[in-house]
Structure formats: C-alpha cells, structure tokens
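In what follows, a single structure is set out as structure tokens and then discussed.
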There are 2 protein chains.
Amino acid sequence: MKLVCSKSNLLKSVNIVLKAIPGKTTMPILECILIDASTNNIKFTANDMELGIETIVDGTILEKGIVAIDAKIFSDIIRKLPDNDVTIETDGNLTTTITCEKAKFSISGQSGEEFSYLPYVERDNHIVVSQFTLKEVIRQTIFSIAANENNKMMTGELFEVKGDMLRVVSLDGHRISIRKIELKEEYSDIKVVVPGKTLIEISKILSGETEDEVSIFFTKNHIVFEFDDTVVVSRLIEGEYFRIDQMLSSDYETKIQVNKKELLDCIDRATLLVKESDKKPIILSITDDNIELKIQSQIGSMDEEIDINKEGKDIMIGFNPRFLIDALRVIDDETVDIYLMNPKAPCFIRDEQQSYIYLILPVNFMA
Amino acid sequence: MKLVCSKSNLLKSVNIVLKAIPGKTTMPILECILIDASTNNIKFTANDMELGIETIVDGTILEKGIVAIDAKIFSDIIRKLPDNDVTIETDGNLTTTITCEKAKFSISGQSGEEFSYLPYVERDNHIVVSQFTLKEVIRQTIFSIAANENNKMMTGELFEVKGDMLRVVSLDGHRISIRKIELKEEYSDIKVVVPGKTLIEISKILSGETEDEVSIFFTKNHIVFEFDDTVVVSRLIEGEYFRIDQMLSSDYETKIQVNKKELLDCIDRATLLVKESDKKPIILSITDDNIELKIQSQIGSMDEEIDINKEGKDIMIGFNPRFLIDALRVIDDETVDIYLMNPKAPCFIRDEQQSYIYLILPVNFMA
C-alpha cells in the first residue's frame with residue numbers, strides 16, 4: 001500500500017476515528033486504526049465493538065492495500081509532522097513507513113484480517129437534523145445520565161420520534177432532562193436508547209454548524225449517524241426505557257420567574273462551601289419578592305437574596321446545588337420559570353412551550 | 001476588624017500570597033493568610049517557613065484588626081464574588097463575614113498569634129534587575145535543577161554576582177545550564193544558592209515587564225525580593241555550590257551551526273517513539289553538511305536529516321533527547337552553535353559571548 005495525503009487531512013481524519021479507540025483493552029487490534037486503500041477511496045476505521053467510526057480521507061492512492069496500525073502512535077506521529085504532504089507506505093511485512101519532508105518514521109503494522117469492520121446496517125428508518133441541533137441537544141441533556149453501570153438503561157438517552165417531533169431524555173434517579181426538537185418533516189415513530197458514551201464522542205466530532213446536516217438511521221439494535229465524510233455506528237441499549245410521562249405533572253402551588261444568570265452565579269458561589277463528598281443542600285426560602293438562598297457546612301455559611309416574580313404560596317425547599325447548576329447552565333433563556341409543589345415534590349424548570357423540562361428532586365434538609 | 005476592598009484588588013493580592021501556601025501540612029496555621037489591618041495598611045501574608053510572601057492590598061480600613069483565615073477557602077470565595085466592593089469584617093469570636101452585593105459568606109478565622117511573620121532581614125547587599133530579566137533567567141535555567149531531594153544543593157540555583165555580572169547556574173548531574181546577565185552597575189561579590197521552589201513561585205508573580213524592577217537583597221541565610229507592593233523572603237540552601245568552572249572547557253573537535261527550530265522540531269518528533277521509562281538516546285551522525293538524527297525503540301524508528309555548517313571532525317554521538325529539547329527551547333537565537341569533543345565528552349551549546357552555556361552529557365548508545 002502506498003498513499004499520499006496532506007498532514008492536515010490526515011490529522012482531521014485521525015482525530016475523528018480516534019473517538020472509537022477504547023482507553024483500555026486486552027485486544028490490541030481494537031487499539032488500531034484500519035487504513036483501507038483497497039478500493040478507490042482511502043478510508044480510516046476504528047471500532048471498539050460498541051461504537052465504530054469510519055471516515056473518508058482526501059488523498060491519492062499510489063498502490064492499493066490495507067493495514068491496521070496502532071492508533072495512538074499513528075496519531076502522535078501525524079500530529080508532530082511538518083505541515084506538508086505525507087506518504088504512508090507498507091512493505092510485505094506490514095512495516096509502515098511514514099515520510100514527510102526529511103522525516104521518516106517506521107512502525108510495525110498488522111494485517112486487516114482480524115479487524116472488525118463496521119456492521120452492515122439497513123438504512124430504512126431515518127431522520128435529518130442539523131449538526132448544530134444534535135450537538136446542542138446532547139450538551140443540554142448528557143449531564144443527567146448515570147455515571148455508573150448499575151442501571152445500564154440510565155447510562156443512555158432516549159431518542160423518541162413522533163410525527164415531526166424528536167424528544168431526547170436522560171435521567172439518573174434524581175433528575176430528568178427533556179428536550180424537544182421540531183423536525184422539518186414527519187417521520188415514522190421511533191423509540192431507542194442510545195449509549196451516553198456514543199453521544200459524548202459524536203458531539204466531539206460534529207461541526208456544530210447549522211448548515212451542516214446529519215442523517216440518523218435507526219434499526220432494532222443500531223443507530224447510524226452519517227455526516228460529512230463520516231459514518232458512526234453504535235449499538236443501542238436493549239430494553240424498555242423508563243415511563244417518564246407519568247412522572248411529569250403540570251400542577252404547581254408556586255411559580256417563580258427569576259434571572260437565570262443571577263440564580264446560577266449565586267448557587268455556583270454557594271458550592272464553594274461544599275466538598276464533593278458531603279451532600280449539603282442549598283435551601284431556598286421563597287417569599288413574595290425574593291428567594292433567600294442559604295447553605296451551611298463545616299467550612300462556613302453563605303446567605304444571599306435574589307429578586308423574583310412569584311405566583312402562589314411561599315415555600316422553603318432544599319436541593320443538591322450541583323443539580324440546579326447543571327440544568328441552569330444549559331438553558332439559554334435570560335429568565336427561567338420554576339414550578340414547585342411542596343418541599344418533598346420535584347421542581348420543574350421549563351419554558352412555556354415545554355421545549356425543555358428539567359425535573360429535579362428536592363433534598364430533605366431537616367434531616 | 002472591618003475593611004473594604006474591590007474584588008479585583010483582593011483577588012490580585014490573594015493570588016500573590018497563595019504562592020507561599022504549602023500543598024500539604026500538618027500545621028493548619030500555615031494554610032492561612034494573615035490579614036493584617038492593625039496599622040495604616042492592609043497587608044496579606046503567607047509563610048510556609050521556607051518561603052514567605054507579604055503584599056499590600058489597596059483598600060479602606062474601617063476598623064483596625066487582624067485575622068488569619070484559611071487561604072484556599074478565602075481565595076475560592078473572593079474568586080466567585082461579583083465584580084464589586086467587598087467588605088471583610090471580623091467579630092469577637094474571629095468569625096469573618098465577607099459581603100459583596102447581596103452575597104454574604106461567614107467562615108471562622110484564627111487569631112494571628114500563632115502566625116509566623118516574615119523574618120526580619122538586613123537590607124545591605126543588593127542588586128536591581130528588571131522583572132523581565134529575572135523571570136527570563138529563571139525560565140532559562142530552572143528545568144535543569146534536580147527534582148528529588150537526594151542532593152539538596154542540586155534542587156537550588158546558584159546566584160553569583162561579580163562586579164557588574166550576575167551568573168545563574170543550575171545542574172542535575174547530567175547537564176548544566178548557565179546564564180550571564182550584565183547589571184547596570186557594579187556590586188559587591190555575592191554567591192548564594194536559592195531554592196528552586198522559591199524561583200518557580202516568584203516567577204509566577206513577576207509581571208515580566210522590562211520597565212518594572214525587582215530589588216534583590218542577600219544575607220547569609222536569606223534572599224529577599226522586593227517589587228511592586230510585594231516582598232518575598234526565602235531561606236537559602238546552605239553549603240558550597242559545585243565548582244562548575246572546572247567542568248567548562250572551550251576545547252572542541254567539532255563545531256556545528258544549525259537552525260534551532262529545525263533541530264528542536266526534529267528531536268521533538270523523535271521523542272514520540274520513547275516512553276518516559278525507557279531511556280532510548282537519539283543518535284546524531286554529524287558529517288560534512290548535515291546531521292542524521294536517528295532513534296529506535298520498541299515502538300518503531302525515526303530517521304531525519306538536517307542541513308548544518310560544520311567545522312572539524314565527523315562525529316557520532318548519542319543524547320537523551322529530553323535534555324536537548326529543554327536547552328533548545330529556552331534559547332531565542334535563530335541558529336545555535338554546538339561544540340563537541342568526542343562521543344564520551346559533554347557537548348556545549350553556547351553563544352559567542354557565552355551569555356548562555358548549556359552543557360549536556362552524552363549517552364553511551366553502544367550499550
């Protein structure tokens with residue numbers, strides 16, 4: 001195999017497929033990028049068996065062939081080469097020589113035989129969204145998936161299509177994040193659970209531009225994202241997602257309207273006094289024209305007042321400050337509406353159209 | 001005690017004295033900043049017993065007093081306050097209240113009684129340099145102090161004044177870095193060893209401006225840096241520094257002149273193939289018009305040629321690539337001169353005036 005590509009093209013493509021290289025594995029072949037120049041395209045592939053990425057690289061094939069090489073070493077080398085054309089050449093022993101200007105690297109490659117190609121996936125059911133929208137919706141929900149694998153379903157996000165509406169949901173047992181996106185056309189119903197890891201990696205590759213599109217294909221076991229010169233295939237999480245609709249209520253006893261930045265800054269300050277380990281709540285005393293926010297820990301105490309508009313009853317309620325911060329950070333509105341029922345019922349942060357709903361369970365601060 | 005300062009002034013001063021707060025200690029008082037408003041100035045002090053820093057804070061004293069408070073918590077609070085005037089007030093129990101706009105923090109303070117003030121140091125012997133010069137000379141030599149404490153003397157840097165010349169030297173057993181600085185006037189002879197940690201911390205505080213000056217005072221046991229509103233006092237390392245002059249030689253068999261960036265980039269690329277743990281040398285084969293640089297490890301091999309000007313014999317010599325990189329990075333010249341004797345003798349990278357000399361021991365690559 002012999003091919004020539006610019007350093008910048010190589011680097012761009014390597015950075016894309018690197019996202020499917022596992023951190024730790026006992027199978028060395030999973031740590032490789034497959035360089036496939038056996039047809040008329042140069043194609044890089046990486047596949048950790050749950051998430052697989054394939055991307056076309058701009059360049060010239062001088063001699064067809066295929067080789068698998070260690071992703072980390074290959075990417076380190078490309079990164080440090082001068083900004084010029086790079087030649088990649090493999091000999092009969094799969095020793096791979098990477099040449100750029102006067103620099104010449106030799107590393108050993110492996111045959112592509114053991115490499116797991118991306119699974120073939122039917123392209124029937126699909127939707128189209130902009131890269132901007134997909135990247136945003138991931139950012140706005142991904143923080144409330146569960147970190148540990150005790151409940152596999154909680155480590156993923158629900159992607160649900162009904163008519164021209166995509167709903168993305170994540171939850172971790174203490175809170176629920178929901179975002180609704182209007183699609184440009186009507187699609188058939190879809191309901192799948194996508195691994196959080198897949199979404200985190202794909203959002204690093206997406207351009208985030210409103211003009212660039214992503215096609216998302218769904219099957220029983222896989223989800224496929226196609227955009228630019230790249231295909232990302234991921235397994236789905238099997239099983240039925242939580243019935244969230246019965247957890248959502250539109251009843252409330254108190255509704256407040258508050259400047260988002262003021263509230264966020266205040267809670268952010270309060271967290272100074274809380275170490276990761278001790279779970280001190282922040283206590284909100286909501287009265288007619290303001291909230292008083294209070295936190296008390298071994299380190300000290302904080303106390304601050306914020307002006308609000310209020311409808312309904314006074315209420316005193318405690319929250320994990322982290323959960324409020326996570327939700328407020330991803331809301332772009334200048335003011336937010338918060339709906340409360342009583343000190344033991346969840347609060348809802350949502351806009352009027354319910355394009356977003358953040359449900360957060362309170363903490364019993366009397367204990 | 002009660003005082004008012006702007007958030008930005010507080011933050012600037014806290015960040016300065018924080019440099020003398022130890023990472024770990026069994027004495028909680030060392031983790032404190034002393035806020036001293038007992039005279040007409042507001043003064044912050046921190047002192048880890050080896051390094052002490054004192055700085056004057058712009059602000060208004062409403063009630064004189066003194067309190068020691070946890071540096072980490074205090075700095076975290078200041079950092080997160082709104083950008084406005086901050087009131088710091090201590091009650092009879094030394095509970096300290098920090099108020100800014102509607103935010104109010106309370107933390108407990110300690111009396112200043114246990115606090116170690118900076119030692120009193122005679123201000124006889126001194127030199128003056130610009131903050132730029134001091135910051136630069138530290139950057140250009142600090143990398144070759146020894147990291148571990150086995151040989152205490154190697155963890156410091158020699159500061160030697162003779163006439164109108166300041167010489168700064170560091171060495172770690174494999175290499176020596178020397179920088180000479182011409183002073184604006186003649187001073188009496190000085191020869192002290194300053195702890196590397198002191199120099200690292202002080203270079204973080206220095207503005208780096210050529211117009212700003214630092215006065216450096218020397219006594220038998222201490223060095224004092226005075227600049228802006230800040231005083232830094234450090235213990236010296238006791239004992240006699242290594243006799244480096246006898247290690248320096250101006251004899252050579254081979255002299256080469258090479259583009260610094262080309263050489264640096266090439267060695268930097270080569271280090272890709274070397275893990276921290278295995279000490280593979282880079283081998284330089286110097287012939288008439290070029291150096292061939294080669295490195296070989298378990299990961300693979302690299303090979304590159306660089307054009308040079310050469311005087312004297314051909315030579316093949318091996319080095320720890322890290323040491324060459326460290327020295328080349330802090331040389332600002334476009335081309336550098338390298339002097340070599342034989343494969344077992346050190347090489348010297350130095351300019352004609354010897355304003356810098358970097359001595360690096362070679363590695364036996366036949367082994």
Side-chain angles (χ1 to χ4, degrees), chain A residues 7 69-70 72-84 86 94-109 259 261-275 290-308 321 325, chain B residues 7 69-70 72-84 86 94-109 259 261-275 290-308 321 325:
Chain A
K7 179 219 162 138
I69 52 181
D70 186 279
K72 168 103 182 45
I73 297 168
F74 184 60
S75 79
D76 283 349
I77 291 175
I78 300 301
R79 209 175 307 277
K80 294 236 171 168
L81 289 175
D83 213 346
N84 210 327
V86 179
L94 295 171
T95 297
T96 304
T97 310
I98 301 163
T99 320
C100 181
E101 292 178 7
K102 287 182 184 170
K104 195 170 100 189
F105 281 91
S106 289
I107 55 177
S108 56
N259 178 291
K261 187 170 181 314
E262 266 184 54
L263 182 61
L264 181 55
D265 287 352
C266 168
I267 303 172
D268 191 38
R269 274 194 284 280
T271 56
L272 284 180
L273 301 177
V274 192
K275 291 186 193 135
N290 67 51
I291 320 184
E292 188 186 5
L293 297 105
K294 265 191 194 172
I295 200 160
Q296 201 151 22
S297 77
Q298 285 172 319
I299 300 173
S301 65
M302 196 209 74
D303 197 310
E304 186 163 348
E305 279 176 18
I306 295 177
D307 294 339
I308 55 167
I325 290 175
Chain B
K7 179 220 164 138
I69 52 180
D70 186 281
K72 168 107 183 43
I73 297 166
F74 184 60
S75 80
D76 283 349
I77 291 174
I78 299 302
R79 209 175 307 278
K80 294 235 170 168
L81 288 176
D83 213 347
N84 210 328
V86 179
L94 295 169
T95 298
T96 303
T97 309
I98 302 163
T99 321
C100 181
E101 293 178 7
K102 289 185 184 168
K104 194 169 99 190
F105 282 90
S106 290
I107 56 176
S108 55
N259 177 291
K261 187 170 182 313
E262 266 183 53
L263 182 59
L264 181 56
D265 286 352
C266 167
I267 303 170
D268 191 38
R269 273 194 283 279
T271 55
L272 283 180
L273 301 177
V274 192
K275 290 185 195 138
N290 68 51
I291 321 184
E292 188 187 4
L293 297 105
K294 264 192 193 172
I295 200 159
Q296 202 151 22
S297 77
Q298 286 173 317
I299 301 172
S301 65
M302 195 210 72
D303 196 310
E304 184 162 351
E305 280 177 15
I306 296 177
D307 295 338
I308 55 169
I325 289 174

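A, B, ... follow the sequence lines: proteins, then strands. Residue 1 opens every chain.
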By a 4.5 Å heavy-atom criterion (distance strictly below it), what part of A:Ile77 contacts chain B: side chain, backbone, both, or neither? both
So, the part of A:Asp268 with a heavy atom under 4.5 Å from chain B: the answer is both
For residues 298-305 of chain A, run the donor-acceptor check on the side chains, cut-off 3.5 Å, and write out each pair with its distance to 0.1 Å, sequence neighbours left out.
| residue | atom | partner | partner atom | Å |
| --- | --- | --- | --- | --- |
| A:Glu304 | OE1 | A:Arg269 | NE | 3.2 |
| A:Glu304 | OE1 | A:Arg269 | NH2 | 3.2 |
| A:Glu304 | OE2 | A:Arg269 | NH2 | 2.7 |

Under a 4.5 Å heavy-atom cutoff, which of A:Cys266, A:Ala270, A:Ser106, A:Ser108 has the most pairs with chain B? A:Ser106
Would you find more than 12 non-hydrogen atoms of other residues, nucleotides or ligands less than 6.0 Å from A:Glu262 atom CD? yes
Taking only residues two or more places apart in sequence, or in another chain, which ones meet A:Glu101 in a side chain to side chain donor-acceptor pair (under 3.5 Å)? A:Asn84
Does any backbone or side-chain atom of B:Ile73 lie under 4.5 Å from a heavy atom of chain A? Answer side chain, backbone, both or neither. side chain
Taking C-beta and beyond as the side chain, do A:Leu293 and B:Lys102 meet within less than 4.5 Å on heavy atoms? no
Cut-off 4.5 Å, heavy atoms of chain A, and the answer for B:Ile295 is neither
Take a 6.0 Å sphere around NZ of A:Lys7 and say whether it holds more than 12 heavy atoms from other residues, nucleotides or ligands. yes
When rounded to the nearest 0.5 angstrom, what is the spacing between CG in B:Asp76 and CG in A:Leu273? 9.0 Å
